[in-house]
Every structure is written in structure tokens, then in C-alpha cells.
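Below is one structure; the comments refer to it alone.
It should be emphasised that the depicted structure is a prediction, and the values quoted were computed from it without experimental measurement. All chains are named by letter (A, B, ...) in the order of the sequence lines, taking the proteins before the strands, and each is independently numbered beginning at 1.
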2 protein chains.
Amino acid sequence: MDHIFSYQHLREFTREVFIRMGCSLEHADKASEVLLSADLRGVDSHGVARLTGYVRLWEAGRINATPDIRIVHETPSTAVVDGDGGLGLVVAPFAMEVALQKAAVAGTGWVSVKHSNHFGIAGYHAMMALERDMIGMAMTNASPLVAPTFAKERMLGTNPIAVAIPAREQPAFVADFATTTAANGKLEILQRKSQEAPEGWIQDKDGASSTNPHELRSGGALLPLGGDREHGSHKGYCLGAIVDIFSAVLSGANYGPWAPPFVSFLPLPPDPVGEGLGHFFGAMRVDAFRPADEFKAHMDNWINRFRRATPVDGQQVLIPGDPEREMEKERREQGIPLLEPVIKDLREVGEKFKLSLS
Amino acid sequence: MDHIFSYQHLREFTREVFIRMGCSLEHADKASEVLLSADLRGVDSHGVARLTGYVRLWEAGRINATPDIRIVHETPSTAVVDGDGGLGLVVAPFAMEVALQKAAVAGTGWVSVKHSNHFGIAGYHAMMALERDMIGMAMTNASPLVAPTFAKERMLGTNPIAVAIPAREQPAFVADFATTTAANGKLEILQRKSQEAPEGWIQDKDGASSTNPHELRSGGALLPLGGDREHGSHKGYCLGAIVDIFSAVLSGANYGPWAPPFVSFLPLPPDPVGEGLGHFFGAMRVDAFRPADEFKAHMDNWINRFRRATPVDGQQVLIPGDPEREMEKERREQGIPLLEPVIKDLREVGEKFKLSLS
């Protein structure tokens, strides 16, 4: 049975947890906003369900509650940000803001980030660009769970890419997706329900196709978008690799199999090649290319035309961002349903900090 | 039976064809270099096999042999280039050069292009960045052959993305891929051999999965990377859409189903929403983020580590760009094999311009 909690209630609980971890009011407020944006948009795997994970990393000394987040290198259109081990939930909006400010002056802004950790949903950060009539981009590397094409070994994270593009009358185009066939969150749902996974999502420890959603526990791996070579998995591998390089090789973070795990019970790799996890953000002023009104009118036309594309019988053609926007509307009004195990975790976190979830 | 032609021979033949079309010596030389780079790298569908297609478009008045290619808008890190209906093969290197020069000053450069047409292989343009210690990106929209997830209708091109990243001792990382499960060229090979396509590549006119490689002739469509919704086709659709918007909505070219067809026998859409086809190019100076030597040493480490990832038995883990680089080495030495129908087409083109292929 799910229980429903209001957005405000979960937001305040989460903010209070971050404050008691030692975060500043400003950081705690931002971190709770970013974390809860995942629950609002229906990406439950990246929302409050992860709060306990952040707390454990902090207890293990792997998250700095009072980071000195700063620019360590810059040019007119670029910067490298050092997250100082802070919550990715606050490092990422800081870095995206730098990208937006660069874009305001230079037309575009591109920021690579080191020494960070999990930043919540990529879409939140990309969408920061929209109200300034800019295109926003956000990506991050992550714990290695994905085998490149022809490999047994887990070398890449699910390395998501988000791109947000403003329109005029229409809601914005917001793509936000893992570069794997299925995100890890989808697998977790199957695990809880003891259901088989479709072919093309995972492989076993020998690299053979598998439908067992628990395969990752015994040396298996998630597969890059495409699934296998015949269906273009080398393209998904390329995408995951590009995200890894932009996020971590450009910034000086750990890349590939050296990316630090999100879970505190796994040891950090003993031979780091950089600092923490990496992210990459981009902002492009629309009027650095053509007048913003003109661009946005054509985006309306693009969106209208694609929404009206002849659908397969019984289906409807969607615009990227449609399902999440509808989910957010519903959950802001009706509340956020949480699963029993998540509620149990949150209660334990609450007890730790003498807070009641109620 | 294939016949083998030397690179130099095909290069000179192609250059001469462009000269007799009325191109300047400089444009003819560049266009032949870009076109032949596809044959060298083993992307046969985008090389001299297309020469006859360019000639027919020129005959139909859809390619301007003497374009005034120019910047029509710019900021420190961006520009819009008007290709004036010229060969994409020369418009694209012009625009990429603008991106590289912007990057030299501002750290990065981003150029959206309108009023162009097919630009050959995306990888060529992205790789222009490598010798300047920059990361290069190239993408383009194309004739609509691809149905978005849940659609019957062809709305997007195969919209490729190329990203080239320099290393130190190792050869560069060069990803270059269509945002569909399989590029159209792969389908053409199956058509010639009368072989069935794997599931997940194409659908029939009703949106049902099909293995008939001729399905596009009867209203079928190529599928976005992922194939179907369960295997992440909505992500391939997102990628194709992003390429379309960056290439054509940012620049003022035709987007989505309005993208002009490459073949001269199909009419142009009667209600254009912009000018010609669009491209998008990016250049990022590596040292706009960290010292180039340091970055390139870590890229060597990245490449070495991924090359040594434990392979599936009997396989080898590849780095993006490996197969094309090996093919180029072989074909520069041993020549380029052409199929009979391609040779026949080239002879016809030769006769038109009083040139002998020999």
C-alpha cells in the first residue's frame, strides 16, 4: 500500500534533514527543492527515496555539508567548478548558474564540474535555462553499472542527458534520459515486483542476454541504449562515453570504472584518477542565434506538428517532457505516493535527527 | 564483383565533376575531400555513391554551385551561417571553421546553419577540431524517414551526431552515428542482398514491426535508436529531435517533416518553414577547461582502460573511431572498392560532363 504525502510536507522534512546534517539554510532549501523535483516529475528513483543514501554517504564522510563550491578555471564561455565534495544537489545548480551567466555575456556557457556526487534529476538543472529564454543541458557520470558493447565488465554509469528548449505558447521541450536501454530505477521496480526484465536491458556476468532483474548482484550489467550490437548498442555506448568524458575528463573528476559508488557500503576505488563525480552543463541563449520570439514561435510549430503526427492506432505521439509535466501537475495537487520501504527508510532517517515524518 | 579504385583517382574524378558543375577550384577540392573521406572511412553510403545524387539536385536547381556562404548573425561564442543553397560538403567545413575560430577566442564556438543540403559524413567536420586540441561536434537534420515513438508518420531524418575528442599517444575518440537503430545505408545493403532486416530497425505503414528492408517504399519508416518503447525508442526520438531543433529551428532551416529530400525526384514540401537543410557544429578548446596535455594524458588513460575492459568471450572492446580508422589505413593503401551499380552511376555522371572514370 502506498501512502500519500503532500509536496510541502516532504519538502520541509527533507530540508530539515539537510539542515541537521550541517548544511546552510540556503543549501538545505535548494537541495530539498532539487530532490523533491524528481518525486514531482514521477522519477521516484531519484527523489526522497534517495535521502537515506545521501545521509549514509555523509555519515561515511563522503559528503561535505559545508562545501566551498567555486570556479577554479574559466574563459568567456567556459568554467570548471570544484564542488568540494558537497551535495550534487547544490553543486549542480551553482554550476548551471555559472553556465547561464556566461551565456548571458558570451552567447553560450559550458561548465564541467569535479568533486561532486549524485545531483538528482538532470532535467531540473537543464530547465533552469528556460525562464531566461535559453536552451539548457545537463549530464553527469555515475557509478559503473553499464557494460560497453562486447564487454563483460561494468565501465560506465547510466550517464543521463537532459536538454530543455523553450517554446512560446506550448510547454517547453524537456528530454531527460539515461543512455542505457532502461534506467536503473526501472530495474528496481521489476526487482520489487519479482518480474522479469525484457530482453536487451541487462546481461549476465558472462555477457549473455538475461531477463533476471537481480543480475547486477551477481556480476551482470545494464546495457547501453540499443541493447546489443545489432540494435545499435555501440551508439548507446558512445553516448555514455561522451557524457563520461565531458563530465569527468574535462573537469578532473573520476571517470569510467573509477566513478565513486553512490552507496556507502561499497569502498571507493583505491586508485582515483580524479576528484569525486563529474557533471557537465550547457546554456545557449536562443537570441545568440535568432530573435527569441521567432525561435519560440517555430518551437510552437514544431511541437504542434509532432503532436499531430499520425499515431499508431490507439496511441498518441508525445513531446519530450509531456509525461513528467502531467505527473507534476497531478502530484502538486494530490500529493506524492511513497512505497512502504521508502517510508520506513525516511522514518529511520527522521529518528537519527530527532525528526518526525508523521 | 567489386572493382577497386585508388583514392587519388576517385578524388580527382570527383573534383573534376564539381568543377564542371561550376564550383570554384577551392570548393570542388574541399567537396571532393569531404565526400571521399566517407569512402575512406568505410561509410560507403555517404561517399562517391552519392555523387550522382548531388549532380541531380544541381540539375534540378536545388544546389547552388557558386554560393555566397556567410555569417548572418553572431555573438562571441555563436554564429548562424547561411549556406546560400551551396553543397553541404563546402558549407559544413566553412561553418565548422567559424566554430573553431570562435572557440580560439571565447573558449567554445557554436554554429547553426541554414539553407544547406547533405554534408557528407558528420565525422569529417567534427574531426577538424582535433589538430587544434579542441573537441569537435557536428550534426545535421535530413530527409524525413524516421517515425517518432507511437507514430506511423515519418517526421525526422536519421539525424546523425559526431563527437571527436583528442588524445595524446592514442588515436582520437571519434563517435559518428545516426540516431536510429540502423542507418539507412545498412538498410540499402540488405535491399541489395535481398536479406531480411532484424526486428527493431523498421516498421510498416501501420506502425507494426517489420523485417522487410523495402518497407520504406510502401509507407514504412526507420525506427529511432532503441527500436520500440520498451527498448527506449523514446530516447532515440529525443536525440533525433534535439539534432533537428539545434540544426534547423535555431538557424531558420526546414525542420521535421519539412526537411527537403535528398533525392531530386521527390518534390520539395510546398509550405517550407525555413530555408534548405540545417546543421549544427560545436568546438570546445580543451584548455578552456584544463591544460591540454593533462586532458590528453587522461584521455589516453580512458582509452587504454576501456580497450582493456574484460571482453565477452571471443570479442574485443572497441573505442569509438577504431573501425573507421583501420578501414581508412587499409583503403588509402589498397584502394576503395565500388559496387557495379555505383560504377555505372559514376560512368553516367562522367559522360554528362565528358569525363572518363576509366
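Taken from CG in B:L250 to CD1 in A:I135, the straight-line distance is 4.5 Å, to the nearest 0.5 Å. Here CZ of B:F246 is found 5.0 Å from CD1 of A:I165. Values are rounded to the nearest 0.5 Å. One finds the NE2 atom of B:H234 at 9.0 Å from the CZ atom of A:F177 (value rounded to the nearest 0.5 Å). Between B:S233 atom OG and A:H231 atom NE2 the span is 12.5 Å, to the nearest 0.5 Å.
Partners of A:K296 by side-chain hydrogen bond (donor to acceptor under 3.5 Å, both in side chains), not counting sequence neighbours, listed by chain and number: A:D133. Considering only residues two or more places apart in sequence or on other chains, A:A182 meets the side chain to side chain contact (heavy atoms under 4.5 Å, CB included) condition with A:K186, A:W201. Remark: B:T78 pairs with B:T75 by the side-chain hydrogen bond (donor to acceptor under 3.5 Å, both in side chains) rule, at least two apart or across chains.
Taking chain B as the reference chain and counting heavy-atom pairs below 4.5 Å, the highest number among A:R285, A:Q203, A:E199, A:E74 is found for A:E199. For the options A:S77, A:G207, A:A175, heavy-atom pairs under 4.5 Å to chain B are most numerous at A:S77. Options A:C238, A:A288, A:G232 differ in how many heavy-atom pairs under 4.5 Å they form with chain B, and the most are formed by A:A288. Between chain B and the options A:I161, A:T179, A:D244, A:V72, the largest number of non-hydrogen pairs under 4.5 Å is found for A:D244. With chain B as partner, the option from A:A147, A:S251, A:G107, A:A151 having the largest number of non-hydrogen pairs under 4.5 angstrom is A:A151.
Annotation: side chain of A:Y255 is in contact with side chain of B:N301 (closest heavy-atom distance under 4.5 Å). Residues B:Y237 and A:L318 form no side-chain contact, since every pair of their non-hydrogen atoms from C-beta on lies 4.5 Å or further apart. Using a 4.5 Å heavy-atom cutoff, the side chains of A:L239 and B:L239 are in contact. You'll find the side chain of A:M299 reaches within 4.5 Å of the side chain of B:I245, heavy atoms only. You'll find the side chain of B:P76 stays beyond 4.5 Å of the side chain of A:P76, heavy atoms only.
When heavy atoms are compared at a cutoff of 4.5 Å, B:S112 approaches chain A by way of both its backbone and its side chain. For a residue to count as touching a neighbouring chain, one of its non-hydrogen atoms must lie under 4.5 Å from one of that chain's; by this rule B:H298 touches chain A with backbone and side chain alike.
Contacts from residues 308-316 of chain B to chain A, taken as heavy-atom pairs separated by less than 4.5 Å, involve B:R308, B:A309, B:T310, B:P311, B:V312, B:D313, B:Q315, B:Q316 in sequence order.
For B:K235 (side chain) and A:A178 (main-chain N/O), a donor-acceptor pair under 3.5 Å exists by modelled atom type.
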